[in-house]
Amino acid sequence: MKFRQFSAPLVFAAALALGACGERAPEDSTLLTASRLYVSPEAPPVDAAAILLAGGKIAAAGLAQNIPAHGAKRLEACDGGIVVAGFQNSHVHFTEPKFADAAVKPAAELTAAMDDMLNRHGFTTVVDTASNLANTVVLRDRIGRGEVAGPRILTAGFALYPKDGIPVYLRDLPPDLLATLSQPASVEEALAEVQANLDAGADATKLFLMTPQGAGRYAFMSPDIALAAADETHRRGLPVLAHPTDIEGIKLAIEADVDVLVHATVGDGRTAWDAALIEQMRAGDVAVIPTLKLVPYEFGRAELPERAAQSATADVVEQVRAYSQAGGQILFGTDVGYMTDYDPTEEYRLMARALSPMQILASLTTAPAARWKEAGRRGRVAAGQDADLVVLEADPADDPANFAKVRCTIRAGQLTYPRDNAG
Ligand SMILES: [Zn+2]
């Protein structure tokens with residue numbers, strides 16, 4: 001390392017001004033100061049901290065007085081907040097018209113759509129749990145090339161449904177779109193669909209295991225089809241996501257060795273997760289995405305009474321609390337893109353009824369990184385990790401709703417929100 005010589009008073013003044021030490025920073029690096037830094041949910045927070053970013057990675061993070069700062073660029077609009085690792089939303093969809101025709105839509109329009117749904121809320125990685133794969137791959141590529149400001153996208157692409165099992169809530173889709181939904185009738189058909197989806201760039205397989213057909217009837221994916229689809233996905237080192245709908249669907253998911261349930265379960269008083277089910281889920285290393293805010297949202301859309309919504313929400317909160325307490329993995333996710341209300345504040349408030357602030361932070365950072373086998377690359381604010389950061393206005397340990405008070409979002413060292421202040 002090369003040191004430049006400064007007079008002692010100059011170094012002292014620089015350290016005061018920057019809140020970081022006067023040792024020379026690497027070429028093309030950026031310095032961010034933090035009143036408080038959460039390195040990870042497990043580590044004690046560091047006050048008066050600084051983070052040095054270089055080459056899309058974190059070069060150093062810790063007490064500001066130990067971070068080489070001299071010569072680094074600054075993100076002054078982001079300085080002095082509460083810094084945490086970039087968030088993953090593990091359940092989103094790029095199915096709204098604003099994301100369609102991604103190959104020809106002006107970059108500014110797509111960026112505005114990303115801002116509303118994701119960038120402004122601190123998401124630096126998202127899992128698209130079902131969409132038109134070809135369109136989502138174009139979105140992913142345009143973000144990767146820097147044309148569109150957005151998170152890193154992991155996508156399940158086209159989902160698989162039970163034979164004759166399109167859910168009743170999707171029947172209003174345009175007929176040409178409905179015709180593209182995969183409903184394999186055999187193991188061979190399922191394998192062909194899974195292979196085509198993964199070959200075309202999907203990062204996971206999504207299975208609808210149990211789907212409502214109206215009038216209290218359900219369609220079920222045959223267990224041999226579900227298992228074959230999951231095995232093929234695992235053979236490639238990729239995860240399997242499942243939409244369970246109800247407890248029967250969770251049991252099918254465990255049998256098929258599914259990795260992630262994209263919702264908890266809601267409905268008809270049959271939803272209590274007993275100790276035996278929770279132990280089976282935990283033993284199967286199944287992660288759960290609560291999507292708690294979706295419960296009152298759906299009850300409201302169905303014009304069901306407020307009391308019913310509150311009761312169903314309380315049931316799902318209890319599932320999440322019990323599963324977490326048993327050692328089950330929880331991943332933050334909201335189903336935005338399907339849900340058009342993008343504000344995550346209520347999700348954090350509801351999660352706080354089941355989880356501590358640091359457990360919520362884990363569901364946003366370290367838990368999804370581990371689930372995607374990327375803990376060595378992201379999830380913590382530490383040297384060598386991707387420069388994915390969120391700067392919050394206030395400490396989420398005081399109030400988990402503060403996870404929604406995002407001042408800045410940084411993805412791979414680039415400011416994705418707000419870009420107007422980018423220096
Ligand atoms: Zn969804």
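Counting convention: from 1, in listed order, for ligands and their atoms alike. What you see below is based on every heavy atom in this structure, not just the backbone, and it leaves out hydrogens, waters and symmetry mates. Given the structure is predicted, the values throughout are model-derived calculations rather than measurements.
Contacts classified as ring pair (Phe, Tyr, Trp, His ring centres under 6.0 Å) and involving residues 89-120 (residues at least two apart or in different chains) are given here: His91-His93, His91-His263, Phe94-Phe99.
A donor atom on one side chain and an acceptor atom on the other are found under 3.5 Å apart for Thr334 and Asn89.
In plain terms, the two heavy atoms of Pro357 and Pro396 that are nearest each other are CB-O, 3.5 Å.
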What donor-acceptor contacts under 3.5 angstrom involve side-chain atoms of residues 41-55, with partners at least two apart or in another chain?
from	atom 1	to	atom 2	distance (Å)
Glu42	OE1	Ser40	OG	3.3
Asp47	OD1	Arg36	NE	2.7
Asp47	OD2	Arg36	NH2	3.2

What donor-acceptor contacts under 3.5 angstrom involve side-chain atoms of residues 75-87, with partners at least two apart or in another chain?
from	atom 1	to	atom 2	distance (Å)
Asp79	OD1	Thr33	N	2.8
Asp79	OD1	Thr33	OG1	3.2
Asp79	OD2	Arg74	NH2	2.7

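Under 2.8 Å from the Zn ion (ligand 1), one finds the following protein N/O/S atoms: His91 NE2, His93 NE2, Asp335 OD1.
In this structure, CD in Gln310 is found 11.0 Å from CZ in Phe299, a value given to the nearest 0.5 Å.
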